[in-house]
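First the structure, in the form of structure tokens, and then the observations on it.
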Amino acid sequence: MELSADTTEGRISLTDPIAVLGDERVSLDRERLAALPTEERTVTVACASGVRHTATWRGVPVTALLSEANVSDETTHLLVESADGYQICVDIYTALDGLLAFFRDGTPIAAHEPYETRFIAPDIDGARTVKAVAVLDARHLTPGTDPHTLETMAGTEEYSA
Ligand SMILES: Nc1nc2c(c(=O)[nH]1)N[C@H]1C(S)=C(S)[C@@H](COP(=O)(O)O)O[C@H]1N2
Ligand SMILES: [Mo]
């Protein structure tokens, strides 16, 4: 059963649209996102710093977001960029299991945090669960490219743990 984000756990809270860059570049505002299906993932956010917590996240699957921008079959990686300049790069297979989450344990993320969205995927480091997602950018990296060179992993401290 597919439930729209509007009917499951209240309205999506979204101030700035999310840009999705594929063969097309789309800007998904609250209304457009609310029309997409949502799913849940239970994921532990764990970091070398000792941060560790588990929650059930609900949001729009990455697959649904990428189809809005006609992402090409050549895509190897997904860059996820936040409003604070934090940027991570994950291989596309890992990213395709992910969500743009709006709810944490049934509550809008924004009810408790200074951000509204979070990139959540089952097999990524806690450091890659980007808060305040602004851009999803589908890339085709040539075999010699180290994906880590595309990561900043340093935000403004605004959303740091
Ligand atoms: N935008 C943004 N996302 C971010 C960070 C950040 O600084 N900026 N820090 C990351 C790190 S290093 C970790 S461990 C987790 C911490 O998440 P928490 O505050 O929910 O424990 O968020 C990640 N997401
Ligand atoms: Mo971290």
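In each ligand, atom 1 is the first atom listed, and ligand 1 is the first ligand listed. What you see is a predicted model; the values in this text were computed from it and never measured.
- For ligand 1, the atoms closer than 4.0 angstrom to any heavy atom of Cys47 are 14 (S).
- Only the side chain of Arg118 comes within 4.0 Å of ligand 1, judged by heavy-atom distances.
- Residues Asp146 and Thr149 bring no donor and acceptor atom of their side chains to less than 3.5 Å of each other.
- When only interatomic distances are considered, the shortest N/O to N/O separation between Thr129 and ligand 1 falls below 3.5 Å.
- Between Glu68 and Arg32, at least one side-chain N (NZ, or NE/NH1/NH2) sits under 4.0 Å from a carboxylate O, which counts as a salt bridge.
- Taking 4.0 Å as the cut-off, His53 counts as a neighbour of ligand 1 on heavy-atom distance.
- For the residues Tyr115, Tyr86, Phe119, the heavy atom positioned nearest atom 4 (C) of ligand 1 is part of Tyr86.
- Under the side chain to side chain donor-acceptor pair (under 3.5 Å) criterion, Ser72 pairs with no residue, sequence neighbours left out.
- Under a 3.5 Å cut-off, the side chain of Thr117 and the backbone N or O of Val133 do form a donor-acceptor pair.
- Taking Asp29 as the reference, nothing meets the side chain to side chain donor-acceptor pair (under 3.5 Å) condition, with sequence neighbours excluded.
- The Val51 neighbourhood of ligand 1 comprises atoms 21 (O), with distances under 4.0 Å to a heavy atom of that residue.
- Side-chain contact, Glu116 with Ser13: a donor N or O sits under 3.5 Å from an acceptor N or O.
- Considering backbone and side-chain atoms together, Lys131 places an N or O closer than 3.5 Å to an N or O of ligand 1.
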